[in-house]
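To start, the structure itself, in structure tokens.
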Amino acid sequence: MDKTFNAAEAEARIYQMWEEAGAFKAGANASRDETFCIMLPPPNVTGHLHVGHAFNHTIMDMLTRWKRMQGYDTLWQPGLDHAGIATQLMVEKDLAETQQPKRTELGREKFLEKVWEWKAAKGGTIEQQARRLGDSMDWSRSAFTMSGAESAPATEKPGNFHDAVLKVFVEMYNKGLIYRGKRLVNWDPHFETAISDLEVENIEVDGHMWHFKYPLAGGDTYEYVEKDEDGNVTLRETRDYISIATTRPETMLGDGAVAVHKDDERYAPIVGKLCEIPVGPKEQRRLIPIITDPYPDMNFGSGAVKITGAHDFNDYEVAKRGGIPMYNLMDTKGAMRSDGKPYAEEAAIAQAIANGEQEFDEAMIAAMNMVPEEYRGLDRFEARKRVVADITAEGNAVMTTKMLKNDEGEEVETTVPYVEDKKIMQPFGDRSKVVIEPMLTDQWFVDTAQIVGPALDAVKEGRTKIMPESGEKVYYHWLENIEPWCISRQLWWGHQIPVWYGPEMEIDDEGRRTFNFAEFKKICASTEVEARNDFEEYYGFKTVIIEGPEESREAWDQAFGNIALTSILRRRESEVGEFRDAIPIYRDPDVLDTWFSSGLWPFGTLGWPAEDEAMKYFPGDVLVTGQDILFFWVARMMMMSQAVLEQDPFHTVYLHQLVRDAKGEKMSKTKGNVIDPLDMIDAYGADALRFSNAQMAALGGVLKISEDRIKGYRNFGTKLWNAFSFAQHYEIAYPGDPVRPDATQTLNKWIIGETGKVRETVDAAMEAYRFNDAADALYAFTWGKVCDWYLEFSKPILQGDDAAAKAETEQALRWVLDQCLILLHPIMPFITEELWQLADSRKKMLVHADWPTYTAANLVDADADREMNWVIDLIDNVRSARAQVHVPAGAKVPLLVTGLDAKGQSAWDNNHVLIQRLARIESLSHVDDFPKGCVTIPMAGGTFGIPLADLIDVAEEIARLEKTMQKLSKELGGLRGRLNNPKFVASAPDEVVAEAKANLALRENEEAQLKAAIARLAEIG
RNA sequence: GGGUGAUUAGCUCAGUUGGUAGAGCGCUUCCUUUACACGGAAGAUGUCGGGAGUUCGAGCCUCUCAUCACCCA
């Protein structure tokens, strides 16, 4: 054997062996019908392995290997997520770097070809990296969320995930669970797409709060009164304006109202009146109403809030409640709109609306551009500056005084605009890093309110358990307040929404058909053919597919010429005669949110909607993922599985925290504290990293990865390795698959019992998802019991002449070491498999070895247990005493004993060889009294002593004994205090009282021995 | 502002129904003894964040204060 395990060489070789043997295939090693299935949270196809993956893969792999060894029909399902935005971004960057045409220049079809090319060439590195961790996934089943898409090239691995996505969309659409609507969504001006709430990061940044005056219409005035808490008037003045505070002045252009709280006495006189938005051309200043709403906080700012329904989520709610028009001010890039009619016209209409003179609807408002010409086309942040400057120049900024240096450098009181520096929470796109703009757009939504019920019930009724439990509260809180889920994205890479639009057809009383391009008819179908069939049936007319809505009118004109729509069909039939054209329809250009497809992961990967044998793995068992993804993904899988299959996708959700660095800080490239798991594997081997991961997997615990710790577990691996090297050194045969002997030797009985205990502990810990307990128990057993004691104890027998004892011990030792390998395999698969293969022949690879079922009850021999613990105790005490009185480590000393009882005597007789060897004892003599200068070692069943004659420093020995006494007294005090307390004896459970009594007796015995020893020494002293 | 969690040895953290505190690393001393120096032996260190309460008994339960972290506004 090599001196240490060569992880770098062995891991690749072993992994290859497993993979070639199909060791991880679904159902491999199955000896029973029960299935065990874990779905890997699919990493982005662009992804790389980071410490978070390394952590949760370790958990999943431990569970999978454990269940596979237990004979379950096991599947750990791998795969990749197409990751809409991330991938599209990556490919666009790649195009730019390689001087290829841009996405928009390529067009949709060509661009998608590029994405697929990119995926084939560079995607999925993470799957190779995962192999280095030892992940036992069934790679042959690796799934992809875009498999089977129309755009997929023939070279791609076949799959039907796309079918699943479309089928679910169509079904949910037909059930009314998916709708299209205009709502305020988070808009990413960089990618020009809607994104979900969860893709928004709120970051606190330095911002400003501006205070402006909105003059009352017609120069009206009112008495503005401020009072303190006691109702005393602190300010009274006549105002002709209402003061508004805002962090986003550019959105003033879209204000629809000013809101105040109904209880706010300051503004009571002017509620219902109109005020003027103090920006834009003087001639067309818009007047907006002052309304009441519960939203404004009377104590914040001036207490009055401008309402811009199209650009703020709170305002949106207020505007909806109050029927306030929501004017959209920006284009898809976040610049001020430059389309629509001249401002003067738009402002006139808006005024009519505000005055209540004109009806309005959503579509009409959406088309209106309330941006004055001077701001049109400006970037939103540039527009902000200009708006602030213009308002201030006109004198509508609220002013305050401040000490500023004048031209001569003197501090003088100066009147300046009132602008507060303020920390504001600003939303950023988690991918694009640009400021997210709330935008009023047409999007597709899942009506989550309708499907959330069963997902909530699953947890409430205990069908699905969230670990740690605190996750359940968070889950309820989120699901009970769930918002509609915006599922459309204005991207190209993804599942294109399977909805086609054509002009709405109306048939009048005379049977004349008219077509309406303002109201499109939607048909949802899983294929284009089906959609066209449906449309053609509807129109009774041929259709033609065109690109998008902007072309629809054009296409129509091209097809039919400039003919009045109302009579198109009649004229066509009678006048056009030869008929070559068709009604244009187009497919929705948007794609689905990536999370819509990954929500189907639990069954989409198993062949659904096709009938597939693999569906036996649904529902799966455990979902292991980061806490941050509970809403993104877990809740959605639960909703979608119920909505589609009416089943819960798994019974347990194991949530873990973000993996941080050793100091508990988030890892980030800018901080430079990123730990690459592959570097750790290179340096210490995958097993060490995995053990470290298992060990820190305390439920709900903070995950801090530390290189020192990983190194420590590498050392643990070496310890295990050396235990085998020990066996080899003693030339213990290793035929393979050792059988547990019927032990007669105490030490063998004892270690077999300890093995029984640890197996139970490990299984209990694994079942409770307490992986740290499993790892700690195995560490303590392997190192602390097997290596530190058992191997040491076995030496005299292995070197001795008792052939029977030797044979039994060799067999027991092989068996125990085998058990270490089996029990450690789920955590440390490589080194254990390597050691397993040292045997001459094995029935199976370790990865498929049978997980043991023996119990402590079967294997523990109470007498052997007691005896060995006594032996260990004695050795410990002798060693400790020797070290403290500075007996040279190598020196062999005689040992004395007084009052040794029968049990003690028999324990000594059975094990004296071990004791003498490990405690370096020359001989044992029974004496009535200890001689002068003797170190005392109190033990159950007798007092031991080491005579040191002149060697002993009496004072030092007294000090040592007194120190022990002190500790003992503390304990005795506690025990006596409790037992003397009648209430304790009366109210504590009997076994607790009994235990305390027994403990007290033991301690009192020890105390007596110590007292005697101290007295003896005092005499000499 | 709302929510969740944390505060235990020098450091990083365990501590499962309340029974009197543990691990790893680090540190000190000794040991290259025939599995292992990625080792062995011995050792030190804690008013379990502060305060109050419930209880015979609190690291654990309740309240309160402080500090920190994360999530959501």
Side-chain angles (χ1 to χ4, degrees), chain A residues 1 3-5 197-198 200-202 297 300 313-314 425 427 468 470-474 476-478 481 627-628 630-631 657-658 660-666 684-685 688 691-692 695-730 764-765 768 770 772-773 775-777 779-780 783-784 787-788 791-792 794-795 799 875-876 879-884 886-890 917-920 970-971 973-975 977-989 991-993 995-996 999:
Chain A
M1 276 178 81
K3 209 163 150 56
T4 55
F5 175 60
D197 307 354
L198 298 166
V200 176
E201 283 178 323
N202 288 296
D297 177 354
F300 188 82
F313 285 97
N314 290 313
M425 286 306 265
S470 61
E472 295 186 356
K473 280 189 209 163
V474 182
Y476 296 143
H477 186 257
W478 193 73
N481 298 291
Q627 225 167 40
D628 51 332
L630 179 63
F631 311 130
Q657 295 205 354
L658 196 75
R660 302 154 193 285
D661 75 359
K663 289 179 190 147
E665 299 201 25
K666 266 191 188 176
Y684 306 108
F691 204 102
S692 161
Q695 203 282 336
M696 69 180 173
L699 271 175
V702 179
L703 305 177
K704 298 185 189 177
I705 191 168
S706 135
E707 184 165 349
D708 280 344
R709 205 165 255 259
I710 296 170
K711 196 191 210 166
Y713 293 121
R714 186 273 317 264
N715 296 352
F716 172 67
T718 306
K719 190 74 182 174
L720 178 69
W721 182 265
N722 278 307
F724 280 78
S725 157
F726 171 95
Q728 195 185 49
H729 180 263
Y730 281 88
R770 308 181 77 94
N772 57 321
D773 285 348
D776 283 341
Y779 186 99
W783 198 318
C787 292
D788 285 350
L791 294 187
E792 292 299 331
S794 72
K795 281 178 185 174
Q799 293 161 349
I875 295 169
D876 270 342
R879 280 175 172 172
S880 178
R882 288 173 59 123
Q884 284 179 63
H886 312 300
V887 176
R917 182 188 181 106
L918 294 178
R920 302 215 151 239
K970 206 174 150 193
E971 210 172 330
L975 285 166
R978 273 197 283 165
L979 286 165
N980 290 339
N981 183 340
K983 282 187 181 170
F984 170 70
V985 183
S987 36
E991 60 270 22
V992 173
V993 177
E995 195 190 318
N999 213 349

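Note on naming: letters A, B, ... go to the chains in the order of the sequence lines (proteins, then strands), and numbering restarts at 1 for each one.
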> Excluding sequence neighbours, so at least two apart, what forms side chain to side chain donor-acceptor pair (under 3.5 Å) with A/Glu995?
Replying inline: none
Close N or O pairs between protein and nucleotides 43-48 of chain B (under 3.5 Å):
from: B/rG43; atom 1: OP1; to: A/Ser880; atom 2: OG; distance (Å): 2.8

> With sequence neighbours excluded, what pairs up with A/Tyr476 under the side-chain contact (heavy atoms from CB on, under 4.5 Å) test?
Replying inline: A/Leu456, A/Val459, A/Lys460, A/Glu472, A/Glu480
> What's the CD-C1' distance between A/Glu792 and B/rU34, to the nearest Å?
Replying inline: 11 Å
> Within the structure, does a side-chain N or O atom of A/Lys719 lie under 4.0 Å from either OP1 or OP2 of B/rG40?
Replying inline: yes
>> Donor-acceptor check, side chain of A/Arg978 to backbone of A/Val993, threshold 3.5 angstrom: yes or no?
In response: no
>> Could you tell me how far apart A/Phe716 (CZ) and B/rG39 (C1') are, to the nearest whole angstrom?
In response: 15 Å
> Can you name the side chain to side chain donor-acceptor pair (under 3.5 Å) partners of A/Asn715, sequence neighbours left out?
Replying inline: none
> Over how many whole Å does the gap from A/Ile875 atom CD1 to B/rA42 atom P extend?
Replying inline: 10 Å
> With sequence neighbours left out, what residues match A/Ser880 under side chain to side chain donor-acceptor pair (under 3.5 Å)?
Replying inline: A/Gln884
> Sequence neighbours excluded, which residues qualify as side-chain contact (heavy atoms from CB on, under 4.5 Å) partners of A/Asn981?
Replying inline: A/Lys983, A/Phe984
> So what does A/Leu791 hit on the nucleic acid, given a heavy-atom distance under 4.0 Å: a base, only sugar-phosphate, or nothing?
Replying inline: base
> Which residues satisfy the salt bridge (Lys or Arg N to Asp or Glu O under 4.0 Å) test with A/Lys711, sequence neighbours excluded?
Replying inline: none
> If each of A/Asp876 and A/Lys983 is mapped to the nucleotide of RNA chain B with the nearest heavy atom, which maps nearer the 5' terminus, i.e. the 5' end?
Replying inline: A/Asp876
>> With a cut-off of less than 4.0 Å, is there a side-chain N or O of A/Lys3 near OP1 or OP2 of B/rA37?
In response: yes
> Distance between the P atoms of B/rG49 and B/rA6, in whole angstroms?
Replying inline: 12 Å
>> Rounding to an integer number of angstrom, what distance separates B/rG59 and B/rA9 when you compare their C1' atoms?
In response: 14 Å
>> So, using side-chain contact (heavy atoms from CB on, under 4.5 Å) as the criterion, who are the partners of A/Thr718 when residues are at least two apart?
In response: A/Thr4, A/Arg714, A/Asn722
> Closest nucleotide of RNA chain B for A/Phe724 versus for A/Lys711: which of these residues is on the 5' side?
Replying inline: A/Phe724
> If you take all heavy atoms of A/Ala688 and A/Ile710, which pair is closest and at what distance?
Replying inline: CB-O, 3.5 Å
> To the side chain of A/Arg879, which of B/rA42, B/rC38, B/rA14 is closest?
Replying inline: B/rA42
Are there any protein N/O atoms within less than 3.5 Å of an N/O atom in nucleotides 18-25 of chain B, and if so, which ones and at what distance?
from: B/rU20; atom 1: O4; to: A/Arg978; atom 2: NE; distance (Å): 2.8

> Looking only at atom P, what distance separates B/rC61 and B/rC36, rounded to whole Å?
Replying inline: 48 Å
>> List the residues meeting side chain to side chain donor-acceptor pair (under 3.5 Å) with A/Lys795, not counting sequence neighbours, and say none if there are none.
In response: A/Glu792
>> In dot-bracket form, 5' to 3', how is RNA chain B paired? Count Watson-Crick and G-U wobble pairs only if both distances fall under 3.5 Å, and write | where the partner sits on another strand.
In response: (((((((..((((.....[..)))).(((((.......))))).....(((((..]....)))))))))))).
> Between A/Glu707 (CD) and B/rC11 (C1'), how many Å, whole number?
Replying inline: 16 Å
>> Angle between ring planes, A/Tyr779 versus A/Phe691, binned at 30° and 60°: parallel, tilted or perpendicular?
In response: tilted
>> Going by side-chain contact (heavy atoms from CB on, under 4.5 Å), name the residues that satisfy it together with A/Asp776, two or more places apart in sequence or in a different chain.
In response: A/Gln695
> Could you state the CZ-P distance from A/Arg917 to B/rU34, rounded to the nearest angstrom?
Replying inline: 11 Å
> Can you check the A/Arg882 CZ to B/rC31 P distance for me, whole Å?
Replying inline: 14 Å
> If we take the P atom in both B/rG22 and B/rU45, what is their distance in whole Å?
Replying inline: 14 Å
> Looking at A/Arg882 and A/Arg920, what are the two nearest heavy atoms and their distance?
Replying inline: NH1-O, 2.8 Å
>> Taking only the C1' atom of each, what is the distance from B/rC27 to B/rA35 in whole angstrom?
In response: 28 Å
> Looking only at atom P, what distance separates B/rA58 and B/rC11, rounded to whole Å?
Replying inline: 27 Å
> Base, sugar-phosphate, or nothing for A/Thr718, non-hydrogen atoms under 4.0 angstrom?
Replying inline: base
> Taking only side-chain nitrogens and oxygens of A/Arg770, does any of them come within less than 4.0 Å of OP1 or OP2 of B/rA14?
Replying inline: no
> Looking only at atom C1', what distance separates B/rG10 and B/rG43, rounded to whole Å?
Replying inline: 16 Å
> From the list B/rU16, B/rA42, B/rC38, which nucleotide is the closest neighbour of the side chain of A/Asp773?
Replying inline: B/rU16
>> When the P atoms of B/rC63 and B/rU4 are compared, how many Å lie between them, rounded to an integer?
In response: 12 Å
> What is the distance, rounded to the nearest whole Å, between atom CZ of A/Arg920 and atom P of B/rC30?
Replying inline: 18 Å
> Looking at the side chain of A/Arg714, which of B/rC38, B/rA41, B/rA14 is the nearest nucleotide?
Replying inline: B/rC38
> Looking at side-chain heavy atoms only, is the closest gap between A/Arg709 and A/Met696 below 4.5 Å?
Replying inline: no
>> Using whole Å, what does the distance between atom C1' of nucleotide B/rC72 and atom OH of A/Tyr476 come to?
In response: 19 Å
